Undergrad: 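The following block contains the structure, expressed as structure tokens.
Every chain is numbered from 1 and lettered A, B, ... according to where its sequence line falls, protein lines coming before strand lines. Keep in mind the model is a prediction, meaning the values are calculated, not measured.
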Amino acid sequence: MLSPADNDLLTRTGPDTPMGRYFRRFWQPVALSRELPEPDGPPLRVKVMGEALLAFRDSTGSVGLIDPRCPHRGADLYYGRNEHASIRCIYHGWRFDRRGRALELPNVPPESHYHQTLRIDAWPVQEAGGIVWAYLGPPDRKPARLPQLDFTCVPDSQRFVTKKLQQCNWAQSIEGAIDTSHFSFLHMPAPSVPSNKNDDAPADEKRLRWIREDPLPQFSFVDHPVGFVVGGSRAADADERYWRIAQFALPSHSTTPSTLPGETAFGYTWVPIDDHQCWIYTYAWNPDRPLTADERAKFARGHGVIAEVDDHFVPIRNRDNDYLIDRRAQRDATFTGVRGVAEQDALVHDSQGLIANRSRDHLSPTDAAIVRFRRLMLSQARALAEAGREPEAPRLADAYRLRSGSWFAAPDVPFDRVMIERFGDRAGLVTQTPTDTT
Amino acid sequence: MLSPADNDLLTRTGPDTPMGRYFRRFWQPVALSRELPEPDGPPLRVKVMGEALLAFRDSTGSVGLIDPRCPHRGADLYYGRNEHASIRCIYHGWRFDRRGRALELPNVPPESHYHQTLRIDAWPVQEAGGIVWAYLGPPDRKPARLPQLDFTCVPDSQRFVTKKLQQCNWAQSIEGAIDTSHFSFLHMPAPSVPSNKNDDAPADEKRLRWIREDPLPQFSFVDHPVGFVVGGSRAADADERYWRIAQFALPSHSTTPSTLPGETAFGYTWVPIDDHQCWIYTYAWNPDRPLTADERAKFARGHGVIAEVDDHFVPIRNRDNDYLIDRRAQRDATFTGVRGVAEQDALVHDSQGLIANRSRDHLSPTDAAIVRFRRLMLSQARALAEAGREPEAPRLADAYRLRSGSWFAAPDVPFDRVMIERFGDRAGLVTQTPTDTT
Amino acid sequence: MLSPADNDLLTRTGPDTPMGRYFRRFWQPVALSRELPEPDGPPLRVKVMGEALLAFRDSTGSVGLIDPRCPHRGADLYYGRNEHASIRCIYHGWRFDRRGRALELPNVPPESHYHQTLRIDAWPVQEAGGIVWAYLGPPDRKPARLPQLDFTCVPDSQRFVTKKLQQCNWAQSIEGAIDTSHFSFLHMPAPSVPSNKNDDAPADEKRLRWIREDPLPQFSFVDHPVGFVVGGSRAADADERYWRIAQFALPSHSTTPSTLPGETAFGYTWVPIDDHQCWIYTYAWNPDRPLTADERAKFARGHGVIAEVDDHFVPIRNRDNDYLIDRRAQRDATFTGVRGVAEQDALVHDSQGLIANRSRDHLSPTDAAIVRFRRLMLSQARALAEAGREPEAPRLADAYRLRSGSWFAAPDVPFDRVMIERFGDRAGLVTQTPTDTT
């Protein structure tokens with residue numbers, strides 16, 4: 001439970017908010033690289049944390065991110081011409097490069113100081129992992145390197161990246177991702193569907209049964225320099241515990257808990273569009289091998305945590321159509337009657353309201369990750385806003401190469417031991433890999 | 001004419017308004033019974049006086065009306081599973097019965113006090129006359145019995161019940177119903193259409209002619225414990241007066257003035273959705289005989305005061321399409337060019353604005369019922385809000401069995417005599433009936 | 001650059017604003033005459049400077065402009081019956097003529113003073129040039145005559161009049177019209193399209209080349225009693241200057257700069273709907289000859305400054321569909337990738353925002369007309385609001401018969417000489433014409 005003031009502090013990321021200033025200390029996704037497929041192609045409108053910006057891939061292939069307003073009389077550079085390593089305003093031909101410099105002001109007399117002094121706001125951009133990342137904070141605080149999220153460290157062939165629109169505030173959606181206790185319900189079959197009790201059942205069915213039969217997982221944590229890893233263990237067969245382990249990395253990254261060794265991993269990065277909607281950049285990657293064509297096709301159609309989306313990355317099943325809920329299917333087939341893990345998550349996060357009101361929560365011990373997330377985010381944002389203490393995470397690029405997934409262990413094995421068994425590191429950090437190019 | 005402050009007081013029924021508190025002393029319709037057709041069927045979103053609620057018919061066939069927000073982390077119980085005489089949240093399986101009690105909190109440890117203490121808001125519900133009624137006020141003020149409106153006292157076979165969306169404030173729509181003087185215009189043929197002057201014309205045509213030819217009816221009133229009855233008399237043939245008598249019952253019921261003995265009667269109950277729209281529950285009933293299949297079919301398609309609606313009870317001809325007004329028909333056939341008495345009423349009420357501004361009114365003696373309605377409502381709401389005086393009407397269930405309709409009388413017969421001649425009671429109350437089960 | 005306060009003062013024309021009061025000293029277009037094609041036809045909803053009004057052509061053929069609210073209980077007279085030289089309310093048959101007088105109040109007793117005293121607001125209306133003009137200011141300030149804009153002074157056969165919706169504030173759209181420097185960019189071919197350098201090229205192609213090759217026209221002004229005329233000269237062939245001359249007349253008229261003698265002229269009048277959208281009345285006229293059927297057909301389909309519009313005068317290519325911008329066409333064919341001069345203008349004006357924020361402008365000497373426009377408008381509105389000084393322009397009806405267009409002159413000929421050469425008058429005023437009927 002948060003006070004209304006803390007609820008605001010946690011959720012709002014506009015330019016003049018404490019959390020907004022905190023987020024702006026980090027590199028953040030602003031587009032998929034494939035949304036800007038070619039040099040001199042159409043510019044792209046981008047809205048991040050309440051700010052309307054313009055992205056374009058210039059003649060050199062580099063991406064720029066600029067204020068879309070021409071400083072002359074405010075025409076929208078979105079309609080501009082992307083040419084000669086610049087955006088040219090269609091009103092009077094003013095040209096600005098991706099660093100914001102005025103290259104040409106044709107209707108300004110040659111003697112005007114505008115030619116030297118005029119600039120538009122422009123932000124640093126890098127591309128990695130199929131994503132365009134931007135830094136929207138004060139220039140002197142810019143981290144040199146992007147967070148080395150594991151999916152960005154593998155070759156393109158081993159990775160699938162997309163995004164999906166979430167029609168609510170970012171924070172409640174992250175809370176859903178790190179609360180792995182909800183798997184015992186939201187993503188389950190309808191109660192009338194029997195579990196497969198056969199011990200020879202495939203791994204997926206056994207996992208499903210264990211999750212389904214233990215709605216009260218035990219949670220443990222390992223804190224690390226850029227966030228924390230949370231493990232939830234449930235009773236499995238043969239007197240073992242089935243561990244499901246998820247990562248949270250500052251300010252808004254998470255990886256999922258189902259992956260067994262060798263399986264493809266999944267993760268998310270949330271980026272607020274404004275306080276009432278966000279993009280969820282969603283990635284699948286296999287650290288060990290290229291993804292197959294079948295896997296790519298499956299992901300492209302929507303699969304698991306990857307939503308089925310339209311050409312604008314809007315989920316087909318969304319708030320406006322009640323997620324095409326099928327009440328008969330809800331009774332006889334699935335817990336929700338809504339198709340897709342991604343869509344079930346989206347539904348329940350949206351349903352908490354445009355901004356969840358945490359002042360009326362009644363939390364349980366299974367919400368331990370959520371409590372930890374709220375405390376961490378509030379303390380980080382407050383440290384910057386009130387004490388002027390700069391966050392360390394943005395500079396710890398290598399600390400972001402984190403993995404998560406599932407494991408089995410005897411009941412008395414503590415969480416940090418489980419982490420070492422599963423990942424070779426108590427925080428899940430990949431410390432040494434041939435493909436790490438940083 | 002009302003002051004702007006009184007206009008607000010009259011029209012606004014949100015939870016913290018004087019009129020809202022007054023309305024919440026009464027049982028009110030919140031749904032048609034047939035919107036919840038079966039036990040364990042899909043729940044129904046309900047909005048009443050600005051509050052978003054959730055109705056569901058549980059496994060026992062009883063209807064519950066609850067706060068749709070799961071107290072855990074605020075997921076919307078609308079998406080929940082209706083099963084085991086409860087709504088189960090799809091997020092973590094919390095279950096609540098129709099009285100708001102927590103039946104199961106699967107991810108809460110057994111020792112938690114939540115199991116005993118946690119509740120959601122739930123309101124008392126009864127069904128009668130094909131309608132789900134709820135009481136939304138303080139528990140200790142709950143009237144034991146529903147208002148015994150006449151249509152609820154006849155067998156199902158003698159009744160047809162539906163509802164229609166009205167896209168404006170409730171109060172101006174009631175004013176239209178009790179202002180029977182507008183029949184001389186709004187529902188008439190175009191002036192170019194001649195009246196049938198033949199004395200052997202059918203009753204309907206003669207009534208039409210009398211209404212049309214006397215735009216200045218004389219109004220009289222009888223007050224009764226739950227409202228008032230208004231009679232408007234016009235010159236008829238053979239030196240008689242043609243009386244049209246309508247009921248108003250607190251806080252928002254009305255019955256119509258056209259019924260002659262033996263004919264089917266009609267009535268309405270208005271329920272604010274919010275300050276800018278309301279449901280009008282509309283009913284036809286015949287105290288003497290079952291409705292025929294033809295009558296039911298006619299009512300289902302829209303007829304007279306029953307609007308032609310879509311599957312969501314939204315009128316086909318509505319504010320958004322200018323009621324499909326046909327200007328040629330307006331010139332040559334009907335006064336408005338809009339089809340349907342219900343639609344003509346809806347149009348003119350909507351046209352007064354989302355909330356009619358009564359501070360600019362210029363009333364006439366023919367608006368006497370409107371003046372009486374405003375005064376009564378304002379004094380009732382003020383008595384409760386300012387003097388803490390509880391209204392009596394909610395407890396006078398039997399005083400609601402009121403009838404209205406048409407009659408003929410010599411010019412010198414006073415209104416209360418007319419009432420006794422027509423209804424056997426000066427207020428129109430049915431005092432003794434074999435089917436009264438209360 | 002304007003202060004935020006001056007930006008507001010310039011742009012806002014609601015009833016209680018200084019600029020709104022200034023505008024209300026002038027006759028202004030409120031509809032096209034053909035929107036009210038016949039006596040006793042359907043009334044027309046009209047919104048002007050934030051006020052919702054009702055226009056109707058009465059039985060005599062005269063147009064009325066009234067408050068649409070019936071004074072009885074506020075029903076909307078839009079649904080009323082247009083008959084007997086009046087609008088009759090459909091609720092209770094009250095009738096008002098186009099001067100606002102109550103002609104009939106059928107449900108009001110004969111002895112009521114309402115019959116003598118009741119009025120609705122009504123505004124003076126005149127028709128000229130295919131346009132319905134209204135005066136919305138204080139009665140004692142009403143100018144006797146309409147502004148004698150040149151297009152209104154020619155016979156119907158020589159004129160084509162229409163309107164188009166502009167989805168932004170009126171003022172930035174006018175600024176675009178009097179800023180003729182933007183022709184060097186916005187309306188040009190894509191840079192990759194070569195100009196025709198042939199000296200024998202047709203006039204249109206030569207003009208295009210001169211405009212395209214000189215992005216820095218030199219601007220000169222002649223002030224006149226109702227505004228100013230602005231001339232921009234560019235280098236042409238044979239050591240001549242190519243002059244493009246546009247008119248601005250108070251409060252919101254402009255004529256275009258391309259016309260050579262004998263060609264058809266074009267002009268605009270902007271009328272705010274509210275602060276975020278306006279109508280642009282657009283006219284083509286030829287002072288010398290009737291327009292041909294081909295010209296009319298071309299204009300009706302959209303041509304040049306005349307937009308392609310739907311039945312409601314909404315441009316087909318508009319803000320809501322990004323003007324159907326074609327990025328391939330933008331690269332290879334035209335500067336914008338948007339079809340139509342009118343649409344290119346609309347796009348760039350809209351793109352400045354619903355209300356352009358002039359506090360961030362960086363103006364250039366080529367914006368001289370814009371500076372002059374802002375200064376003139378602000379000083380006029382301030383003079384009225386602060387010093388109570390009534391504007392003179394509304395009474396100078398004959399001073400509005402202004403022409404504009406193109407001309408050629410040796411480099412040393414000053415602007416007022418150019419004006420006399422081209423128009424016979426240094427302000428472009430037509431002082432003596434056989435068709436002037438004023």
Side-chain angles (χ1 to χ4, degrees), chain A residues 1-2 7 168 172 175-176 179-188 190-192 212-219 232 234 319 322-323 325-328 330-332 334-338 344-353 355-368 370, chain B residues 35-45 52 54 56-59 67-96 100-121 312:
Chain A
M1 189 174 130
L2 295 186
N7 204 49
C168 69
Q172 68 214 53
E175 291 180 354
D179 155 27
T180 61
S181 78
H182 77 263
F183 279 74
S184 299
F185 302 93
L186 187 69
H187 306 307
M188 288 296 109
S192 58
R212 199 176 179 191
E213 293 183 354
D214 186 352
L216 254 167
Q218 308 288 311
F219 284 98
R234 288 175 170 90
R319 187 191 274 277
D322 265 343
Y323 317 90
I325 190 169
D326 175 340
R327 294 290 186 173
R328 182 177 300 270
Q330 184 176 30
R331 188 166 50 195
D332 300 333
T334 64
F335 209 77
T336 57
V338 168
Q344 293 157 5
D345 282 331
L347 174 166
V348 85
H349 305 166
D350 284 353
S351 92
Q352 294 172 288
I355 300 183
N357 177 352
R358 293 168 179 77
S359 73
R360 300 183 299 183
D361 281 354
H362 291 83
L363 298 183
S364 151
T366 54
D367 295 309
I370 286 164
Chain B
E35 293 183 86
L36 294 164
E38 52 178 1
D40 292 342
L44 182 71
R45 287 183 179 114
L54 188 68
F56 66 106
R57 190 178 297 278
D58 74 9
S59 314
D67 181 348
R69 195 183 171 283
C70 180
H72 176 211
R73 297 212 319 263
D76 187 349
L77 296 171
Y78 169 74
Y79 298 106
R81 304 179 58 82
N82 186 1
E83 63 189 18
H84 304 305
S86 63
I87 287 285
R88 183 192 287 277
C89 181
I90 50 165
Y91 210 173
H92 301 86
W94 292 22
R95 286 206 298 128
F96 300 90
R101 292 176 300 208
L103 299 188
E104 198 185 344
L105 309 171
N107 70 337
V108 174
E111 64 277 13
S112 166
H113 69 92
Y114 281 5
H115 296 285
Q116 277 68 52
T117 58
L118 210 62
R119 299 186 54 82
I120 56 176
D121 285 338
H312 303 280

Undergrad: Looking only at heavy atoms and a cut-off of under 4.5 Å, which of A/D322, A/V338, A/T366 has the most pairs with chain B?
TA: A/D322
Undergrad: A/R327 side chain to B/G41 main-chain N or O, any donor-acceptor pair under 3.5 Å?
TA: no
Undergrad: If I take atom OG from residue A/S364 and atom CG from residue B/L105, how far apart are they, to the nearest 0.5 angstrom?
TA: 8.5 Å
Undergrad: Heavy-atom cut-off 4.5 Å, strictly under: side chain, backbone, both or neither for A/I325 against chain B?
TA: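 Only the side chain of A/I325 comes within 4.5 Å of chain B.
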Undergrad: What part of A/S192 gets closer than 4.5 Å to chain B, counting heavy atoms only: side chain, backbone, both or neither?
TA: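 The answer is neither part of A/S192.
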Undergrad: Salt-bridge test for B/R73 and A/D179: reply yes if a basic N is under 4.0 Å from a carboxylate O, no otherwise.
TA: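 Yes, charged N to carboxylate O under 4.0 Å.
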Undergrad: Do the non-hydrogen side-chain atoms of B/P106 and A/S184 ever get within less than 4.5 Å of each other?
TA: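 Counting from C-beta outward, B/P106 and A/S184 never come under 4.5 Å.
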Undergrad: Which bit of A/P191 comes within less than 4.5 Å of chain B, counting heavy atoms only: side chain, backbone, both or neither?
TA: both
Undergrad: Enter the distance from A/D367:CG to B/N107:CG here, rounded to the nearest 0.5 Å.
TA: 6.5 Å
Undergrad: Is it the side chain or the backbone of B/C70 that comes within 4.5 Å of chain A heavy atoms, both, or neither?
TA: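 For B/C70, no heavy atom lies under 4.5 Å from chain A.
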Undergrad: Which residues pass the ring-ring contact (aromatic ring centres under 6.0 Å, His included) test with B/F56, sequence neighbours left out?
TA: none
Undergrad: For chain A, which residues of residues 110-121 of chain B have at least one non-hydrogen atom nearer than 4.5 Å to it?
TA: B/P110, B/Y114, B/L118
Undergrad: Let me know if A/H349 has heavy atoms under 4.5 Å from chain B in its side chain, its backbone, both or neither.
TA: side chain
Undergrad: Taking all non-hydrogen atoms of both residues, which atom of B/A75 and which atom of A/V348 are closest, and how far apart?
TA: CB-CG2, 3.9 Å
Undergrad: What are the two closest non-hydrogen atoms of B/Y91 and A/F185, and how far apart are they?
TA: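 Between these two residues, the closest heavy atoms are O-CB, 3.5 Å.
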Undergrad: By a 4.5 Å heavy-atom criterion (distance strictly below it), what part of A/F183 contacts chain B: side chain, backbone, both, or neither?
TA: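 Contact with chain B is absent: no heavy atom of A/F183 under 4.5 Å.
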Undergrad: To the nearest 0.5 Å, tell me how far A/L186 CG sits from B/H92 NE2.
TA: 8.0 Å
Undergrad: Between B/D67 and A/R360, does at least one N-O distance fall below 4.0 Å, as a salt bridge requires?
TA: no
Undergrad: Look at A/L347, A/N357, A/T336 and state which one has the largest set of heavy-atom pairs under 4.5 Å with chain B.
TA: A/L347
Undergrad: How long is the gap from CG on B/N82 to CD on A/Q330, to the nearest 0.5 Å?
TA: 9.0 Å
